[in-house]
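Quick notes on the structure that follows.
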Amino acid sequence: MAAKQKLMSVRRDWRERDVRVVLVALIIAVATVATIALFANQLQRTLVSSASSFLAADRQLEAENGRPVPQEWIEEARGRGLETGQMVEFSTMVFGESGFQLVSVKAVSDEYPLRGEIEIQSGMDDARQIVGAGPGRGEIWVNPRLLRLLELEIGDSLEVGNLELEITSLLIREPDGGFRLSSLAPRVMIHVDDVAGTGVIQDGSRVEYVYLFAGAENVLDDYYQWLEPQMEPSHEWEGVRDGETFSRSLERAERFLLLGGSLAVLLAAVAVAVASRQYALSQRDTVALLKTLGLSSKGIGGLYLRRLALWGIAGMVGGLLVALPLFWILVQLLSDVLEQPVDFYLDPTALVPALFTALVSLFAFAYPPIRRLRHVAAMRVLRSQPGETGREAIPDLIIAILAVFGLVWLYAGEVALVVSLLGGLVILLAVLALLGGLMVAALRRVRGGGNAWRLALVGLYRHRQASMAQMAVFAMTLMLAATLILVRSSLLDDWQAQLPDNAPNHFLINIAPEAVDEVEAFWVERDAPLDTLYPMVRGRLTELNDQPVQEAVTKDERVGALNRELNLTWMAQLPADNEIVEGTWFADGETEGVSVEAELAEQLGLIIGDQLTFTIGSETVTEPITSIRTVQWDSMRPNFYMAFPPGGGLTDMPSTWITSFHLDADNKVALNEFSRRFPTVSVLELDHIIERIQQIVRQVTQAIEAILALILAAALVVMAAVVSATLRDRQREGALLRTLGGQQSLLARSTMLEFALLGFVAGVLGVLAAEAAVYALQVRMFEGSFRWHWQVMLPIPVISALLLAFFGRWQLRPVLSVSPMLLLRRLE
Amino acid sequence: MNQMTDLSTTDTSPMLRVTDLSHRVSLETDTLTILQGVSLEINRGESVAIVGRSGSGKTTLLGLLAGLDTPTEGTVSLDGAQISSLSEDERAKLRASRVGFVFQSFQLLPALSALENVMLPLELAGMEAPEVRAKELLERVGLGERLNHTPRQLSGGEQQRVAIARAFASDPVILFADEPTGNLDNRTGQDVSDLLMALNREQGTTLVMVTHDEHLAARCGRQLHIEAGILTEPELAREQAN
Ligand SMILES: Nc1ncnc2c1ncn2[C@@H]1O[C@H](COP(=O)(O)OP(=O)(O)OP(=O)(O)O)[C@@H](O)[C@H]1O
Ligand SMILES: [Mg+2]
């Protein structure tokens, strides 16, 4: 019975326009935030599972100390229902009939790979096969190059330590091959149970034990929680999102979704704030009446509090009723793009931020003005009292701002994001206050004038308070929308630039200097010209300013680059995607100096002028640092930590050449011929990985478009809500103006112009503030470089002007279409 | 003799001429006749009170006279212009330049100051320095000190004085007032009607006023009675004798 009464009262409230606006704002708030959160969750799962194959699992645990991890760890994982697998990686010599060769061995258990697949070939010219498991015991799969180097054939046997294994397949591609070029030795794959039999692994051998895990995301996380305290420094837990190249795309996508969600939270808060303030104002007479009827302040407070709680519930239920079908549609779209069914994954915890948003914005925004209703004097019933001056709303504003940023922080968990958005908004409001003051001062002089333009300006002045408030909201809304548009386009541009259709997808490594010309000619003939060829010299950085480098570098951070051999090169021209951040690039004919990659330079604390000593074989080379440059590690082109000038320190050092190039799928057969002609050159096939990255980028792009559309729709609704907040006043004024002799057409035009001006100025401000926020975001979160976005910035003010003109005209519609007599009756 | 009388002697056509005016509105089931066969003439400079019971059609008649609506039948000519043959925009123009209004419930815009409320019709008419004229008028109605107060900060009588200032702002030739003292107490009503009559006299405006207030009606040159949409004029003979 009581519940029914409450329901009735929401229904009764619904008939009031202002309540409708509050409820609609709440529903939109819950719906957008919930949809984005659900979708982000789903997308992440889908992306992670499609990216998991890069690890051959969902997670890897690497032990770099040469010792297996305790068996209990694996038992624990199994006990929790995770799939597990194991790999052992080491280098050793293998012996065939005609010689021996250093190889890099990967020994895998039966479960390998937990994710992804292996590609093999049963003979040099046979078709490629996809298989779901590695070699059995007694078998060895080898890289085609090894076969050529040792002049072996399938079916021959190969000695690995004490064990003789039969070559049963050519290993073309392993799912977790990655992009690393460090292992230049040909790869072989054996069964993990054969490792002991080889006797190769002794105490102190360089060997890496890798454990594979797959299962539900939360189980993996729980397991890691359990595992982490027991891990040693040499243990590394790797997820898809750590380290590898493509993970940047994933990370950025996630951040974009976070940003989208945060903006949705902000928009929702703005909408609820505007609507509820309007509601509170409209309730003043009612409150005064209730007071004369004898209701206490406390009673009134309780009354409205209960009402707010009811709306909160109604908003949440309504929002979820909108969000769930919307989410379902988005998932269907996603599976269309992926051309594969996507598991519908509804994570109830993803709904928490949405519900929280509803409650917080309701109580932080709607409650304060409503709470002040308690102070409305009963006298108001008898005689109008002065309205609010706005000053008493300042503490509310502060609470509200804190609440909103608390929400965004809770939602995104990113201080950088919160700070960027807050910064953008603060700048915006400051500029707005300044500009508003100037505008009001300037408009004060414009008085009268029978044409629509002047009337519009007079209108702006006449409504200066409402205009300023509306402009602030529009500018904020536009800023948020523009931020998302800008981030989206720069994200997409970046990806496009990173992986164009003809991105290099094959590497040629280990080209002998004398074979360079021939190799180049081979591919030019086949219409697949090579990118720039770089010489590669392997060397270790041993001294810094004549001190052993391990001592010179005080930070005890592990700098991988110090422990292994680096790829050194020489080049005359700075690669197009590299950028000098300090010093200058080698002048023509310059032979002294070395250019260092920026991140490494920072890690080691290197500065221009430091003397670096490299040990290459038995020789040493010492050169001063002349420049520091950034490198695009995900460019799919050879990249180098250290670059020397031609004729510089590396001349006469033993070198091999390396390059990348694009090879179409239907041209791949040429690789067989190439391998026969140049048996010592390694071919690294990255086309599968690149295709997968491109697929991920496509997915993410779709998701971003969908979310952008959602946010823009929400922004539109917020703007409509704000315009309609002054609907009553506007209509009243319109009616009066018509009675006083305002012509319909003049009124229509001047109103449209007034709103268009408002929209235009708000648009310009919003876009500028968005640029400021994007600048901060770009630099901090998306690691992109900043530039102005004219093509996005110009249309926004125009669109917002047109949109608001339309809204303004639309709300005057009832006033313009009927006779002034009817209007007068309504006025009375 | 002031100059307004001179002017009215040069132009002897009536300010308002109504012939055979009827007004009906269609309701859901049938049509309701609000006014029936109304004919009347009002001369320049005259002040006329329309009295009658509530619901008799006074406001409707006033609206039709002012060109806020067009009658179902009959014609209204205001200052020589045939209202029913004008378009809505032309009627608006006519109102803006020649008609002033005072309403029972003041109809000031709550967000605007007294000054801005008075400037409204001036801005609409495209007047060059509306502020000066608006200030003058507010001073004339005794609110020179309250220019920047909003309607909420003014009493009912003060609000109606602002409305009167607004009505006279655009120098109308005719002023329509619908129960201008209806919402005010006797004393205040008295003050407001004094002001209205005085300004009317000063400006030489023609005044058409609906009122329940017998004193106020008596102060008008002429009284029209309306009953169930039909107009009678008891004092017509005396008026014409004068
Ligand atoms: N558009 C309309 N639709 C329906 N009925 C109407 C309409 N306009 C006026 N009426 C009716 O016509 C009658 C006269 O209305 P009007 O407002 O002219 O009366 P009035 O004499 O001004 O009354 P009061 O003294 O109470 O203001 C009323 O019964 C009213 O309900
Ligand atoms: Mg009336």
Side-chain angles (χ1 to χ4, degrees), chain A residues 281 284 380 382-389 444-459 461-467 726 728-748 750 816-828, chain B residues 23 59-60 62-64 66-70 87-101 103-105 107-113 116-117 119-134 149-156 159 166-167 169-170 172 178-179:
Chain A
L281 289 179
R284 307 183 123 241
R380 193 184 161 87
L382 305 178
R383 209 184 116 184
S384 283
Q385 298 281 306
E388 296 193 339
T389 58
R444 187 184 203 96
R445 304 224 172 83
V446 185
R447 305 266 46 172
N451 66 39
W453 267 105
R454 297 194 65 176
L455 275 184
L457 293 177
V458 168
Y461 182 76
R462 195 190 300 142
H463 311 121
R464 56 196 171 272
Q465 240 175 9
S467 297
T726 58
R728 214 191 317 265
D729 292 345
R730 285 276 175 176
Q731 291 187 347
R732 193 182 168 84
E733 183 185 311
L736 191 72
L737 284 175
R738 279 198 67 194
T739 322
L740 296 181
Q743 297 169 44
Q744 277 162 309
S745 51
L746 186 70
L747 230 60
S750 68
L816 293 177
S817 59
V818 297
S819 83
M821 189 63 204
L822 273 178
L823 293 177
L824 200 63
R825 282 191 185 281
R826 275 185 217 158
L827 279 179
E828 286 287 332
Chain B
H23 198 58
T59 300
T60 310
L62 198 75
L64 290 171
L68 292 174
D69 208 348
T70 45
S87 74
E88 171 53 39
D89 270 358
E90 286 166 331
R91 286 203 301 270
K93 245 183 185 158
L94 186 76
R95 283 199 298 277
S97 57
R98 289 183 240 177
V99 179
F101 285 97
F103 309 96
Q104 175 176 2
S105 49
Q107 297 305 341
L108 300 176
L109 291 179
L112 306 191
S113 67
E116 286 168 329
N117 264 296
M119 279 160 61
L120 219 50
L122 297 172
E123 286 167 345
L124 213 52
M127 193 185 175
E128 271 311 320
E131 221 161 335
V132 180
R133 170 91 177 122
H149 289 192
T150 60
R152 284 191 195 289
Q153 295 164 297
L154 300 172
S155 75
Q159 289 186 51
R166 180 181 66 190
S170 55
D178 193 359
E179 301 181 33

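In the text below, chain A, chain B and the rest are named by the order of the sequence lines, each starting its count at 1. This structure is a prediction, so every number in the text was calculated from the model and none was measured.
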Distance (rounded to the nearest 0.5 Å) between [X] [atom1] and [Y] [atom2]:
X	Y	atom1	atom2	value
B:Ser87	A:Gln743	OG	CD	8.0 Å
B:Asp89	A:Leu746	CG	CG	8.5 Å
B:Leu112	A:Glu733	CG	CD	6.5 Å
A:Tyr461	B:Met119	OH	CE	8.0 Å
A:Arg732	B:Gln107	CZ	CD	5.0 Å

Heavy atoms of A:Gly742 and B:Ala92 approach each other most closely as O-CB, 3.6 Å

For B:Ala96 and A:Gly741 the tightest heavy-atom approach is CB-O, 3.4 Å

Practice item. Please examine the side chains of B:Arg166 and A:Leu740, heavy atoms only from C-beta on, and report whether any two atoms are closer than 4.5 Å. Key: yes

inquiry  = Quick check on the interface: out of B:Lys93, B:Arg91, B:Arg98, who has the most heavy-atom pairs with chain A under 4.5 Å?
reply    =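 Greatest number of close heavy-atom pairs with chain A: B:Lys93.
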
**Which atoms of B:Ser113 approach chain A - backbone, side chain, both or neither, heavy atom under 4.5 Å** =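 For B:Ser113, neither part sits under 4.5 Å from chain A.
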
- Return yes if some donor-acceptor pair links the side-chain N/O of B:Arg95 with the main-chain N/O of A:Arg738 below 3.5 Å, else return no. yes

Between B:Phe101 and A:Leu736, is a side-chain contact (heavy atoms from CB on, under 4.5 Å) present by the stated rule, with each step listed?
-> CA-CA 10 Å; B:Phe101 285 97; A:Leu736 191 72; over 6 Å; no

